[in-house]
Amino acid sequence: MSGVETRWWRDAVVYQIYPRSFADSDGDGIGDVRGILAHLGHLEALGIDVVWLSPIYRSPQDDNGYDVSDYRDVDPMFGTLADLDELIAAVHDRGMKLVLDLVVNHTSDAHPWFMESRSSPSAAKRDWYWWRPPRAGMAAGVPGAEPTNWRSFFSGPAWELDDVSGEYYLHLFSRRQPDLNWEQPAVRAEVYSMMSWWLDRGVDGFRMDVINMISKDPDLPDGPVLGSGPYGDGSRAYLVGPRNHEFVQEMHREVFAHRDGRTMTVGEMPGVSIEDGRLFTDPARGELDMVFQFEHVDVDHGSGKWDPRPLELRDLKATLGRWQAGLADVGWNSLYWCNHDQPRVVSRWGDDGEHRIRSATMLATILHLHRGTPYVYQGEELGMTNVAFTSIEEFRDIEARNHYASAVGRGHDPAAVLTAMAPMHRDNARTPMQWDDSPHAAFTTGTPWIAVNPNFTTINGAAARADEASVFHHYRRLIDLRHTSDVVVHGDFEMRLADHPDVYAFTRTLGRESLLVLGNFSAAVQPIDGLEDWAGADVLLANTPAPDPLRAGLAPWEAVVLRRVG
Ligand code: TEU
């Protein structure tokens with residue numbers, strides 16, 4: 001394609017695997033690397049180009065692996081380094097690539113680095129983490145004596161007191177995930193060396209966990225108090241901190257610059273702005289290939305994720321439209337509805353009952369036809385739904401369990417807390433992959449570490465693969481379209497019908513070729529006005545047998561892609 005800058009991941013589709021929940025090969029109830037090896041055919045049939053593995057490193061699993069105690073080894077529950085080498089080779093043999101999850105904003109408190117750092121205030125690695133004395137004039141351990149008032153993402157203070165030294169260490173996530181101090185050059189050198197080690201082993205890139213939190217304002221200022229307190233929002237001091245771009249540029253120079261563009265990087269960045277998104281993904285700046293921004297997955301949050309609100313489609317269109325426009329001339333977008341931290345999109349913004357297949361395929365069509373690289377989260381291609389947990393005992397996720405304990409501890413009604421958590425908790429995404437209708441959905445021959453969604457008897461891979469009208473085959477068609485159509489990859493994006501409360505409409509244009517993409521986010525027929533100039537266009541793809549949107553309107557949850565040339 002002449003005249004258009006192209007990097008291989010721009011026309012790729014990425015599939016995210018959450019190893020704990022994908023496939024268990026040894027009957028211990030926990031997914032593993034050999035389980036993934038046994039199901040590569042499923043990914044190949046889908047047509048995806050890149051596999052992203054959530055963490056498989058040695059870890060006490062306080063946050064399901066996002067707490068690493070050895071970056072250069074595989075946790076025995078997931079298998080061995082040899083298993084992973086075999087997986088890398090098998091993925092490559094099928095013409096796909098494999099990226100790992102890089103979790104270097106923090107380590108596990110069981111990592112030898114932290115063990116040494118904690119051993120004494122004079123330890124050589126003391127400043128590899130953020131240690132501070134109690135707030136001036138306050139005794140250690142007294143509420144409010146924490147060095148800053150920051151709240152952790154997993155409830156409670158972001159500082160943990162170490163009785164041995166009487167000092168506190170910083171942990172933006174759980175107290176068993178101490179934050180690394182990237183101000184320390186030796187920390188950065190160790191991280192870059194580890195990353196190069198994996199790339200030399202055949203890994204094709206990294207998804208980087210909260211990589212916009214690695215630079216903190218060294219003054220560590222307090223943040224505005226949240227709600228009725230006592231903790232505050234420290235994000236201004238650690239989201240895209242003063243040296244974030246400098247560190248990511250250094251990483252690019254040290255790890256990626258000499259690898260001829262064969263690698264792919266995507267930075268997970270809660271709270272990142274479009275302006276920073278442009279800076280991080282501008283190829284001329286040598287930082288990252290893509291970022292995961294969060295605006296669209298926060299669009300139905302009231303005061304926070306535990307205060308869910310119904311989707312206002314215009315708000316969703318507005319934020320995705322801004323990012324499409326914002327990165328139209330520089331940088332590149334990632335496109336996702338789902339991952340291991342987000343609820344299942346068909347339950348969230350579709351209809352996971354009567355119209356499950358129709359709404360899931362509509363949501364997929366809308367996402368995959370935007371300009372950017374799509375990410376499919378395991379089970380999304382099957383239209384898997386949220387799970388209806390009825391007691392806190394069924395939950396496994398530290399974020400949910402901590403929130404429940406903290407809310408009930410502050411006197412909230414347990415049942416009301418569970419109800420508020422139901423649509424948004426992360427375990428919705430973490431129930432085992434539903435391969436077929438045999439026991440435990442063929443995820444394991446043992447006892448699953450988390451309950452299998454009981455709807456596996458009807459919603460599963462075997463049933464979907466056998467049904468041409470299934471969600472699975474619609475994803476396959478979308479991925480095939482991206483591989484065969486330059487306008488899908490490179491076409492300019494233009495939002496249409498921005499004020500329509502129930503219809504998502506936009507065009508993609510490349511040269512003389514244009515596509516009109518329409519999606520109905522409601523169970524009612526939606527007449528289409530203002531697009532008459534598309535009358536007579538060809539139907540390129542639809543999730544209904546006989547679409548006629550411009551005359552008959554869009555059917556409930558219908559998606560249609562029209563094409564015209566000239
Ligand atoms: O997530 C960071 C992040 O933004 C989420 O914690 C988010 O705030 C929350 O899930 C929304 O409910 C990354 C990983 O994706 C997540 O699984 C880890 O728990 C977290 O970092 C810490 O490593």
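Values reported hereafter were calculated over all heavy atoms of this structure, with side chains retained and with hydrogens, waters and symmetry mates removed. Numbers here simply count residues along the sequence, with the first being 1. Order of appearance sets the numbers: ligands from 1, and atoms from 1 within every ligand.
- Shown are E399, M424, R430; of these, the side chain to side chain contact (heavy atoms under 4.5 Å, CB included) with D341 is made only by R430.
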Please report the C-alpha distance between H171 and W130 in whole Å, then the side-chain angles of each, then the deciding distance to 0.1 Å, and finally whether the side chain to side chain contact (heavy atoms under 4.5 Å, CB included) criterion is met. CA-CA 9 Å; H171 61 88; W130 294 87; over 6 Å; no
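- A distance-only check finds a donor-acceptor pair linking the side chain of S196 to the backbone of Y192 [under 3.5 Å].
- Between L288 and V291, the shortest heavy-atom distance links the atoms CD1-CG1, 4.4 Å.
- By the 6.0 Å and 45° rule, R126 stacks over the aromatic ring of W131.
- For residues 303-323, the pairs satisfying ring pair (Phe, Tyr, Trp, His ring centres under 6.0 Å) are W306-H403, with sequence neighbours left out.
- Near ligand 1, residues D63, Y66, H106, F153, F154, F173, Q177, R207, D209, V210, E268, P270, F294, K305, H340, D341, E399, R426, R430 each place a heavy atom inside the 4.0 Å sphere around the ligand atoms.
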